[in-house]
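Single-structure report; data block below.
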There are 2 protein chains.
Amino acid sequence: MSFSPLLKISKLICILKNLALYLQVITHFYNSILMTDKQLKILQVALELFAKNGYSSTSTGKIAKQAGVSEGLIFRHFGNKEGLLEAVLQLGEEKIKSLFAEIVFETEPKEVIKKVLELGLKMIENKEDADFWKLQYKIKWEVERYNEQKMEPVEHALNQAFLKLGYKSPELEAKLLLITFDGIATRYFLQENFNLEGIVEFLHTKYLT
Amino acid sequence: MSFSPLLKISKLICILKNLALYLQVITHFYNSILMTDKQLKILQVALELFAKNGYSSTSTGKIAKQAGVSEGLIFRHFGNKEGLLEAVLQLGEEKIKSLFAEIVFETEPKEVIKKVLELGLKMIENKEDADFWKLQYKIKWEVERYNEQKMEPVEHALNQAFLKLGYKSPELEAKLLLITFDGIATRYFLQENFNLEGIVEFLHTKYLT
DNA sequence: TTGTTTTTAGTGATTACTTACTTACTATTA
DNA sequence: TAATAGTAAGTAAGTAATCACTAAAAACAA
């Protein structure tokens, strides 16, 4: 037996974490099935308007009007405006997690980096996905909280990848790439005519050739 | 004469731009002297609250109260709430420009990169500076406009530096570094316990050794 | 006095949220 | 099976508080 018990335990924890991840995805899938049409419509409109105009600039009245629903219904289902925001954020969370799963389970180091770079392009493939990511960043700045935990498995995978590729400071390289990712997102959502593909391609040649 | 006339004109334009830059700094310096105590106090408090709670979540009433001033005075001096925001943004602009001047006039390529990296640390040396930068990013997300122009001279300087150092794609390298800068700012302002010095030091070793 | 700065006391519009009520469906009981 | 009881979904019309903003008077300085 060449594995240390400590290593085995950490592997086990990792597997359990991923299991929990999938469980949450499934639970949430069923939750969204159990929802009423109007409930879902409220969430969709809220996501759209929060992402477009921000949380505090979007009134519950406007959401209700655009969703074709009475304003009171929002408070019946989500308690208050903040509860609605939480529901919107949680509804999209499994989208992140399923995207991350691909990266976390990848073992080939270059493939990990490649998939992280591709994530940047994937996250804006359709409008609802783009709205969701935009909201994530917008909310971060509006309420000032950065959820590091969500990115932790990706950072770990990148860390391992850079380690295998013989980088001198794999932890810092992983951190830097994810920080750059935030910068790219900032530019993509805020700067007109930002050349997303160009920068992603450049990172490709920097890291993968 | 080895310089092409086109090159000389572009040099001239560059010098004129920098002259205009300094002129604006001086004008603004005098503007701030001509201001009333209460006027300045309003701007200081507005900066603080906009940076802390965002533009639309900060009411003119709260600003007036914290500044120890009547609410009407804000509208006398700045017209409306948006005028106040513009004044706040402009008041801090020369701070950026004076920081940029150091970089733009530097000719030694490695020194340019070094100064860009140091800019990240300088911008949070005192609370008011940090508030200003935080506001810049917050406002960007709230109104969704990214002022590329402001960064253009820095990008140009970086471009020249990377060119001199023999990088394959100097333009993209310059762009990438500034994008990374945005990512670092995002993390610094939003992520608790973010190790700013660590990342800046890592970039130092990546680019300057 | 004269002109500027500042405050007081408002304005209508909008905010998040509540109330009282109806409708539609489901489970239980006779 | 049919009548009844209970629950969740949904609405219209409000609430007090807060919003950006204004007009007129008051305090102040030259």
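A, B, ... follow the sequence lines: proteins, then strands. Residue 1 opens every chain.
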Check whether the ring centres of B/Y137 and A/Y137 lie less than 6.0 Å apart, and answer yes or no.
no
Rounded to whole Å, how long is the line connecting atom CD1 of B/I42 with atom P of C/dT6?
8 Å
Just how large is the angle between the end axes of the helix from C/dT1-D/dA30 to C/dA30-D/dT1, five pairs per end, to 10 degrees?
20°
Would you kindly give the CD1-to-P distance between B/I63 and D/dC21, to the nearest whole Å?
11 Å
Could you give the NZ-to-P distance, from A/K38 to C/dT23, as a whole number of Å?
14 Å
A/L40 CG to D/dA9 P, in whole Å, measures 13 Å
Sequence neighbours excluded, which residues qualify as side-chain contact (heavy atoms from CB on, under 4.5 Å) partners of B/L172?
A/I199, A/F202, B/S169
Scoring nucleotides 8-18 of chain C by protein non-hydrogen atoms under 4.0 Å (B base, S sugar-phosphate only, - none) yields B------SBBB
side-chain contact (heavy atoms from CB on, under 4.5 Å) against B/N126, all qualifying residues, sequence neighbours excluded:
B/E128, B/D129
Atom CG of B/L49 and atom P of D/dA20: how far apart are they, to the nearest Å?
12 Å
D/dA12 C1' sits how many Å from A/L73 CG, rounded?
13 Å
Length of the CG-P vector between A/D37 and C/dC25, whole Å
13 Å
Would you say the side-chain atoms of A/K138 pair up with the backbone N or O of A/K52, donor to acceptor, closer than 3.5 Å?
yes
What does the B/S/- profile of nucleotides 24-30 of chain D look like, 5' to 3', with a 4.0 Å heavy-atom cutoff to protein?
-------
Check whether any side-chain heavy atom of A/Y55 sits under 4.5 Å from a side-chain heavy atom of A/K81, and report yes or no.
yes
Closest non-hydrogen contact found for B/A51 with B/D131 is CB-O, 3.4 Å
I want to know whether A/F162 and A/Y207 have ring centres closer than 6.0 Å.
yes
N/O (side chain, A/H77) to phosphate O (OP1/OP2, D/dA8) under 4.0 Å:
no
Rounded distance in Å - CD1 (A/I74) to C1' (D/dA9)
14 Å
Between A/K115 and A/E108, does at least one N-O distance fall below 4.0 Å, as a salt bridge requires?
no
Heavy-atom distance under 4.5 Å between the side chains of A/L196 and A/I124, does that happen here?
yes
Test of understanding: with side-chain contact (heavy atoms from CB on, under 4.5 Å), list the residues that count as partners of A/S56, not counting sequence neighbours.
A/E142, B/S56, B/S57
Can you check whether A/D182's main-chain N or O pairs, donor with acceptor, with B/T186's side chain at less than 3.5 Å?
no
